[in-house]
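The sequence lines fix the lettering, A, B, ..., with proteins before strands; numbering per chain opens at 1.
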Amino acid sequence: MPFSASDWKDVVPVPQDDGVQPLAPIAYAQEYTEAMDLFRAVLLSGEKSARVLELTAFIIEANSSHYTAWKYRLDTVRALGSPLEDELKFVEEVAFETPKSYQLWPYRQAISDQLNQPQREIDFVGRILALDSKNYHAWAYRQHIVSKYDLWDSELEYIDGLLRDDVRNNSAWNQRFFVVSRRPAEFTAADLDAEVAYALSHIQKAPHNESAWNYLRGQASHCAVLLAARAHLLTVAAESCLS
Amino acid sequence: MWSDDEYTTASDSDGAAAAGPDGAVLLLPEEHENAAFNDDGFPTATSETQLEVEDSVRHMLHLARPHPSLMRRSHVSFIESGLRGLSRWWVSLDASRPWLVMWMLHSLDLLGHEISDTIKSRAVSTLSHCQCETGGFAGGPGQLAHLATTFAAVNALAIVGTREAFESIDRPAMYEFIMSLKQPDGSFVMHEDGEADSRAVYCAINTAYLLNILTPELVDRVGEYIVRCQSYDGGLSGVPGTEAHGGLAFCAAAAMYILGKMDMLDTDALASWAVNRQMAFEGGFQGRPNKLVDGCYSFWHGAIISMLEEHLSAKKGRRVLLFNHKPLQTYILTCCQGLRGGLLDKPDKSPDYYHTCYCLSGLSVSQHVYSRTPSGLVATLRGDMIGPDTNLVHPTHPAHNLRLERVVAMRTFYRAM
Ligand SMILES: [Zn+2]
């Protein structure tokens with residue numbers, strides 16, 4: 001997204017103050033320097049306007065880890081009350097270019113938390129995970145959406161599909177553990193049997209797959225903790241009956 | 001549960017020079033092929049890319065000489081060229097300027113290359129221009145303060161180690177800055193409206209420890225938060241419930257190590273997870289199960305293993321060794337050195353300053369064993385080093401990733417204040 005310097009004639013650019021002979025200076029492209037000189041002026045003046053949205057978009061597209069530009073953009077969107085739908089589209093453009101940026105995910109969350117559109121968010125993360133089914137940030141965001149909107153049941157189907165594609169996808173196994181251990185429904189003996197059978201059926205396909213074994217062991221120790229707690233309760237109950 | 005012996009995953013012959021059938025000296029014995037990935041005749045995307053990477057590693061191992069050496073001079077000139085400046089393609093690091101300085105200076109420091117007085121004062125000046133009036137350091141001049149770049153700036157100033165460097169940090173403002181990011185669950189956010197995770201926790205704890213501003217209020221509930229980040233597979237994640245991951249696991253473990261709270265974690269499960277991230281064929285580490293080897297995890301996992309070795313040895317009153325160090329050194333030396341200097345992720349990748357720093361840091365923790373004394377950690381040689389003695393780099397602290405004496409000097413300076 002180009003920004004147009006002619007929109008900014010009224011603003012005095014503020015050059016970067018690196019000091020004398022800075023270490024590891026970056027030989028910026030001319031356009032980036034111009035945009036940053038204006039952005040520094042904006043940070044000083046506190047201007048929040050449509051052209052600031054254009055300017056921060058340009059900086060973020062050049063450098064999606066520019067957390068100051070993201071933060072100032074969020075403040076601007078909040079101050080202007082600008083359409084959140086446009087921000088979702090903006091994040092999507094950046095996400096498909098640089099899906100591993102740390103910054104775009106908390107930004108997405110700050111916007112989407114106000115919109116209450118779980119299906120749209122699940123679809124968006126699904127499209128990012130279709131490009132890289134192990135994208136760490138995308139999975140963390142997905143967990144936020146699943147718990148916020150109670151999407152536990154449909155999540156198991158999704159995971160099932162991913163493990164059919166690639167039984168070695170450790171992120172998908174982790175997501176299964178997340179769902180099974182955190183959904184509000186009580187974890188019953190039948191659930192444990194089902195999870196053990198699930199893991200074993202996948203282990204049979206590829207016995208050297210560490211992810212499935214870790215899952216099985218994780219379920220075993222998870223239920224050992226539950227069983228120990230139950231045994232403790234029984235002891236306490238028995239003792240109180242006897243006394 | 002576990003006996004300590006079970007932690008050693010590979011045989012002693014791994015990574016040692018051996019004689020081939022025709023008498024030629026080979027870097028690895030032929031049986032090494034047995035360690036290759038077994039896809040059980042059931043290929044998936046994961047196994048296919050894994051086998052491709054093994055091919056490129058196999059190719060490098062075949063080309064390698066039996067005693068691979070660390071190309072010190074090329075690495076120094078790669079770093080010196082970075083200190084002079086980077087091309088426009090590195091604009092993606094324009095919000096990470098203190099990181100660049102830290103990666104470069106720490107690499108030189110590990111190599112034992114003396115950092116000149118001029119570079120030292122230029123470093124102080126560069127970082128001071130990133131320091132914010134409200135406390136903390138930003139990714140560049142005029143940007144917002146951020147915990148990660150604060151971590152990098154403070155570590156870089158520890159390496160510089162001059163009075164000018166120590167005095168340049170505004171500690172009262174720093175304390176206010178860190179406390180302003182603290183969350184009710186014990187974690188920290190990276191910056192106002194930023195993300196909270198175990199990385200942010202580590203950056204806060206490391207910085208506060210080095211600057212001697214680690215108050216009970218700052219530490220409050222940190223241990224409880226990190227315990228919730230321990231995953232069902234024993235590893236540690238960024239936020240509770242997400243997948244365990246090498247870099248985040250390092251942050252979580254190092255924060256607990258600095259705070260003396262390692263025993264709040266299941267250390268056996270963590271040890272088992274961390275040593276199993278070492279790839280049987282490649283010798284280097286992967287970040288998560290079923291992901292690919294990458295040179296930077298040499299430090300992230302290597303440091304976790306080193307911290308666990310020190311912690312468990314002190315606890316049990318006998319030396320506990322968990323590190324299969326020789327295959328790792330072989331991987332770093334044969335697969336992660338750029339032809340014109342700099343270190344890298346895996347064969348066919350280009351060198352960069354991040355991987356240079358963390359491959360060298362990983363080499364360092366693999367060459368040394370750490371033990372605790374009243375005056376701090378001391379390092380002794382692990383022995384059986386791969387390659388000539390000139391491959392030895394300085395011991396780095398496994399929790400702070402600074403040379404041991406840098407930690408002591410910075411702490412001593414602020415304690416005297
Ligand atoms: Zn890496």
Side chain from CB out, backbone as N, CA, C, O: work out which of these in B/Leu100 comes under 4.5 Å of a heavy atom of chain A, or both, or neither.
-> side chain
Please walk me through it: do A/Ile26 and B/Arg97 pass side chain to side chain contact (heavy atoms under 4.5 Å, CB included)?
-> CA-CA 9 Å; A/Ile26 298 167; B/Arg97 302 274 307 275; 4.1 Å; yes
Contacting moiety of B/Val101, where chain A heavy atoms sit under 4.5 Å = side chain
Please name the residue in the list B/Thr46, B/Asp39, B/Thr44 that meets the side-chain hydrogen bond (donor to acceptor under 3.5 Å, both in side chains) test with A/Arg168.
-> B/Thr44
Do B/Glu195 and A/Gln109 come within less than 4.5 Å of each other through their side chains, counting heavy atoms only?
-> no
When you measure from the centre of the six-membered ring of A/Tyr102, is the NZ or CZ of B/Arg199 under 6.0 Å away and within 45° of the axis?
-> yes
For the residue pair A/Pro106 and B/Met190, establish whether any side-chain heavy-atom pair is separated by less than 4.5 Å.
-> no
Checking B/Arg84 against chain A: side chain, backbone, both or neither under 4.5 Å from a heavy atom?
-> backbone
For B/Tyr225, what residues pass the ring-ring contact (aromatic ring centres under 6.0 Å, His included) criterion, not counting sequence neighbours?
-> none
Carboxylate-amine/guanidinium contact A/Arg217 B/Asp233, below 4.0 Å | no
Ring geometry between A/Tyr215 and B/Tyr232 (parallel below 30°, tilted from 30 to 60°, perpendicular above 60°) | perpendicular
Side chains of B/Ser92 and A/Asn63: is there a donor and an acceptor less than 3.5 Å apart?
-> no
Verify whether one side chain among B/Asp40 and A/His208 offers a donor that lies under 3.5 Å from an acceptor in the other.
-> yes
Relative to chain B, which segment of A/Tyr107 carries a heavy atom at a distance below 4.5 Å: side chain, backbone, both, or neither?
-> neither
Measure distances from B/Ser237 to the heavy atoms of chain A and classify the residue's part below 4.5 Å as side chain, backbone, both or neither.
-> both
Where does B/Phe37 contact chain A at under 4.5 Å (heavy atoms): side chain, backbone, both or neither?
-> side chain
Between B/Pro43 and chain A, which part of the residue has a heavy atom less than 4.5 Å away: side chain, backbone, both or neither?
-> backbone
Okay, B/Thr242 and chain A: the region with an atom under 4.5 Å from a heavy atom over there is both
What part of A/Lys71 gets closer than 4.5 Å to chain B, counting heavy atoms only: side chain, backbone, both or neither?
-> side chain
Quick one: pull up OG in B/Ser272 and CG in A/Asn214 and give me the separation to the nearest 0.5 Å.
-> 8.0 Å
With side chains defined as the heavy atoms from C-beta onward, is the minimum distance between B/Arg122 and A/Val20 less than 4.5 Å?
-> no
Chain A contact via B/Asp197 - which portion, at a heavy-atom distance below 4.5 Å | side chain
Looking just at side-chain N and O atoms, do A/Asn169 and B/Asn290 make a donor-acceptor pair shorter than 3.5 Å?
-> no
Quick one: what part of B/Ser47 sits under 4.5 Å from any heavy atom of chain A, side chain, backbone, both or neither?
-> both
Heavy-atom distances under 4.5 Å only: say whether A/Ala110 touches chain B with side chain, backbone, both or neither.
-> neither
Side chain, backbone, both or neither: which part of B/Ser121 has a heavy atom under 4.5 Å from chain A?
-> neither
Is A/Arg78 salt-bridged to B/Asp193, going by a charged N under 4.0 Å from an acidic O?
-> yes
Choice from A/Gln21, A/Gln103, A/Glu210 maximising heavy atom contacts with chain B below 4.5 Å = A/Gln21
Answer with side chain, backbone, both or neither: which region of A/Leu44 has an atom nearer than 4.5 Å to a non-hydrogen atom of chain B?
-> neither
Looking at side-chain heavy atoms only, is the closest gap between B/Glu243 and A/Asn170 below 4.5 Å?
-> yes
Are B/Gln143 and A/Leu43 side-chain neighbours, meaning at least one heavy-atom pair lies under 4.5 Å?
-> no
